[in-house]
Q: 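This structure is in structure tokens; I'll ask about it shortly.
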Number of protein chains: 2
Amino acid sequence: MATIKDVAKLAAVSPSTVSRVIAGSNRISLETKMRVHRAMEQLNYVPNAIARSLARSHTRTIGFTLARQADQAFSNPFFPEVMRGMSSVAQTKDYNILLSISRTAEEEKAKCLQLIRERRVDGLIVSTSRAKDPLIDALIKEDVPFVLIGRSMEKPVLSVNNDNVQAARLATSHLIQQGYHKIAFISGDTNLVVSLDRIDGYKQALIEHNLPLAAERIVEADFSIEGGFQALNRLKQSGVEFDAVMAADDLFALGALKFAEHYGLKVPEELGIVGFNDSPLMSFIDPPLTSVKILAYELGTEAMELLLNVLDDPEKARTKKEIVIASELIIRKSSQRCEEE
Amino acid sequence: MATIKDVAKLAAVSPSTVSRVIAGSNRISLETKMRVHRAMEQLNYVPNAIARSLARSHTRTIGFTLARQADQAFSNPFFPEVMRGMSSVAQTKDYNILLSISRTAEEEKAKCLQLIRERRVDGLIVSTSRAKDPLIDALIKEDVPFVLIGRSMEKPVLSVNNDNVQAARLATSHLIQQGYHKIAFISGDTNLVVSLDRIDGYKQALIEHNLPLAAERIVEADFSIEGGFQALNRLKQSGVEFDAVMAADDLFALGALKFAEHYGLKVPEELGIVGFNDSPLMSFIDPPLTSVKILAYELGTEAMELLLNVLDDPEKARTKKEIVIASELIIRKSSQRCEEE
DNA sequence: CTGTTAGCGCCTTCAG
DNA sequence: CTGAAGGCGCTAACAG
């Protein structure tokens, strides 16, 4: 494999000159520039990225880490879409992505720190979103450029998030407008910021419409269809009434649908259902499920762009910046009691 | 950030000695070893991976590339699962993964070549699977260690694949055993090896059971639910009869279900349906859809393991090796005409 | 067992 | 506009 020296020799110049034409320096005669280019082509020369990284002490690669136990995380294409988004802007700006999938949050934290301490990456995109998050603290302490997908409740960090509060508020309002007044909320793990935010939006909608804020209608469920089903069962057994379900995830919405079927409730007539994430198959369910569509691809592009900007100009990292990507309520039959189907 | 020299100074030894204890050399006195360790801790020293890569001329990172146009690729969690598998073994063997998602096959090829020419990666895992694939040719020509997820019809390369032929054969046989004798096959892009293989398995099953091999029952469809629906419509309009559908993807199976609903056909009584991939929601559809479950996670682990082995011992790359991961037919109601529901 | 000496391939002052 | 020299941080013979 040809090195810069080989090219220099062939072009009868010094390595520094070759280095300069690679860098696109303009204080170089057109003639030698062409000579060098010819030599590079002839030798099929490609600069060694590692050597360059060492000399420049940056790698032009971004680490993306996430912690997932099982395949549950991928039951909807959220992360894949985020990755596509990130990858897309990384490509255009000539950055690379180092991927690391861990099993636990601790593993993820360790991996993040390793990546940056080993100097394999210039920055990090992470997506944890626990209300109390040691990873974020560690990253700040280590002084790494990073952006969070989601948001931090404690620290002023760079982040890009979807508008969970607003989305839940709108979705709940939609149900209310459809005439549902006793809306149950199925939440995911309430240690997650995203859960808290969605609950918030749900509450806001109730308040806005002067509906009672019945805390007992909010239930936490295991992250599965069955979990959603069981949560509703618990509600029913406790004698809590509800005529609609605002689900913090499509899986829960599916659980609600199962619940309706189980007890012979008609959807949407007797039970309205709205989900979150708009999984690809939602439209195919019977009845088609209303769901909040999250623009995961955009989350990815924005996160990468933000990070790359900060890398360009570290000053920017000094200030908190939270980009919010609006989601979209996709209204289908499961929540439409009034209008046409 | 501390370097090896700092550690050396603090421990009052030479850098090489430090290097040796990092490498875990055993021809070093326990005493100095401990002294060095103490110095490393004190300085919070972590070896710079880039410098090490340059010196050793390998990076301990594997490139994973794939080409996807839209989110279609992620409508089922195949690639995410593959990534999880790859990542899992990479972690244990202290390798990293460089991820690149391209829009087109050409872009992917360019990216692969770039990664290896720039020496960013030691090897590649790719997942193209066109019958005629320029990427594979290029990789061979470039003499890169790589393994293919899927299989090559032309070149003897290292690959790990799921048993598409066998799986389609078994799934089709299952339909036949359930009393369906006029089975239509909805195929994806027939430029892909995977499509060809599944068609093959389908044909084998027909032959085995002495059923006529009606070529007109095989239709190619756009990769979507609608595509599957339309494909069947075309069949119907051409007057081709069928009492079951073997779908090369769950999306097509869903299209078949839509078709059944549209024409008032009962599933499974009047139309049997089997899909491919066992997407998470298949079991929730009404009726639940029979589908071939592919062990994507295992494909990922096997691919990574194979590649890492080859990297250890380049001799192994000389011989073709094709690992096949068996899939599993998940039988649900949509294909069960005989037994209990 | 340990230190010295050269690189790995490229970039970057510093001169001229 | 171009070359020489040194360095990025680590590893790997080669001597002792």
Side-chain angles (χ1 to χ4, degrees), chain A residues 1-40 43-61 94 96 114-122, chain B residues 1-40 43-61 94 96 114-122:
Chain A
M1 192 104 283
T3 77
I4 205 172
K5 281 183 193 165
D6 303 323
V7 176
K9 210 165 292 173
L10 216 191
V13 295
S14 76
S16 356
T17 301
V18 178
S19 179
R20 288 193 186 97
V21 344
I22 292 172
S25 163
N26 50 354
R27 21 178 232 156
I28 242 178
S29 81
L30 201 104
E31 203 249 335
T32 68
K33 200 179 285 186
M34 285 181 36
R35 202 141 37 84
V36 170
H37 274 299
R38 218 171 302 131
M40 297 202 298
L43 295 174
N44 220 282
Y45 170 75
V46 177
N48 179 320
I50 302 299
R52 177 182 292 206
S53 293
L54 183 59
R56 289 206 183 155
S57 57
H58 65 239
T59 59
R60 274 194 111 71
T61 112
D94 202 27
N96 289 98
Q114 187 194 346
L115 286 182
I116 87 102
R117 285 187 184 145
E118 288 187 341
R119 307 239 98 82
R120 272 185 201 278
V121 300
D122 297 341
Chain B
M1 192 102 283
T3 76
I4 204 172
K5 281 184 193 164
D6 303 324
V7 177
K9 210 165 291 172
L10 216 192
V13 295
S14 76
S16 359
T17 300
V18 178
S19 179
R20 287 192 187 98
V21 344
I22 292 172
S25 164
N26 50 352
R27 21 177 232 157
I28 247 181
S29 80
L30 201 104
E31 203 250 333
T32 67
K33 200 179 280 188
M34 285 180 36
R35 201 141 38 85
V36 169
H37 274 299
R38 218 171 304 131
M40 297 202 298
L43 295 173
N44 220 281
Y45 170 75
V46 178
N48 179 320
I50 301 300
R52 177 182 293 203
S53 293
L54 183 58
R56 289 208 185 152
S57 55
H58 66 238
T59 59
R60 272 195 113 69
T61 113
D94 202 29
N96 289 98
Q114 187 194 346
L115 286 181
I116 87 102
R117 286 189 183 145
E118 288 187 342
R119 308 238 98 83
R120 273 186 200 278
V121 300
D122 296 341

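Lettering of chains follows the sequences in order, A, B, ..., and the numbering in each one begins at 1.
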Q: Any base atoms under 4.0 Å from B:Leu54, or only sugar-phosphate, or nothing? Heavy atoms, all strands.
A: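 Base: the residue B:Leu54, judged by heavy atoms under 4.0 Å, touches a nucleobase.
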Q: With distance as the sole test, does B:Ser29 use its side chain to make a donor-acceptor pair with the main-chain N or O of B:Thr32 at under 3.5 Å?
A: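 Looks like yes, one N/O pair under 3.5 Å.
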Q: Scan nucleotides 10-14 of chain C against the protein and return all N/O pairs shorter than 3.5 Å with their distances rounded to 0.1 Å.
A:
unit_1: C:dC10; atom_1: OP1; unit_2: A:Tyr45; atom_2: OH; d: 2.6
unit_1: C:dC10; atom_1: OP1; unit_2: A:Asn48; atom_2: N; d: 3.1
unit_1: C:dC10; atom_1: OP2; unit_2: A:Ile4; atom_2: N; d: 2.4
unit_1: C:dC11; atom_1: OP1; unit_2: A:Arg52; atom_2: NE; d: 3.0
unit_1: C:dC11; atom_1: OP1; unit_2: A:Arg52; atom_2: NH2; d: 3.4
unit_1: C:dC11; atom_1: OP2; unit_2: A:Ser19; atom_2: OG; d: 2.9

Q: Hey, what do you get for CE (B:Met40) to CG (B:Asp6), rounding to the nearest 0.5 Å?
A: 13.0 Å
Q: Scan side-chain atoms only and decide if A:Ser19 and A:Ser16 contain a donor-acceptor pair under the 3.5 Å cut-off.
A: no
Q: Please check this pair: side chain of A:Thr59 against backbone of A:Arg120, looking for a donor-acceptor N/O pair closer than 3.5 Å.
A: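 Yes, because the side chain of A:Thr59 sits within donor-acceptor range (under 3.5 Å) of the backbone of A:Arg120.
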Q: May I ask you to test the A:Ile22-A:Tyr45 pair for a side-chain heavy-atom distance under 4.5 Å?
A: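 Side chain of A:Ile22 against side chain of A:Tyr45, heavy atoms only: contact under 4.5 Å found.
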Q: Side chains of B:Arg60 and B:Asn96: do they bring a donor and an acceptor to under 3.5 Å?
A: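 Side-chain D/A pair, B:Arg60 to B:Asn96: absent.
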Q: Have a look at B:Ser53 and say if it touches a base, only the backbone sugar-phosphate, or nothing, with a 4.0 Å heavy-atom cut-off.
A: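 B:Ser53: no heavy atom of the nucleic acid under 4.0 Å.
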Q: Cut-off 3.5 Å, no hydrogens considered: what does the side-chain donor-acceptor table look like for residues 50-58 of chain A, sequence neighbours left out?
A:
unit_1: A:Ser53; atom_1: OG; unit_2: A:Ala49; atom_2: O; d: 2.9
unit_1: A:Ser53; atom_1: OG; unit_2: A:His58; atom_2: O; d: 3.4

Q: What are the bounds, 5' to 3', of the part of DNA chain D that sits under 4.0 Å from heavy atoms of chain B?
A: D:dG9 to D:dC14
Q: Within a radius of less than 6.0 Å around CE of B:Met1, do more than 12 heavy atoms belonging to other residues, nucleotides or ligands occur?
A: yes
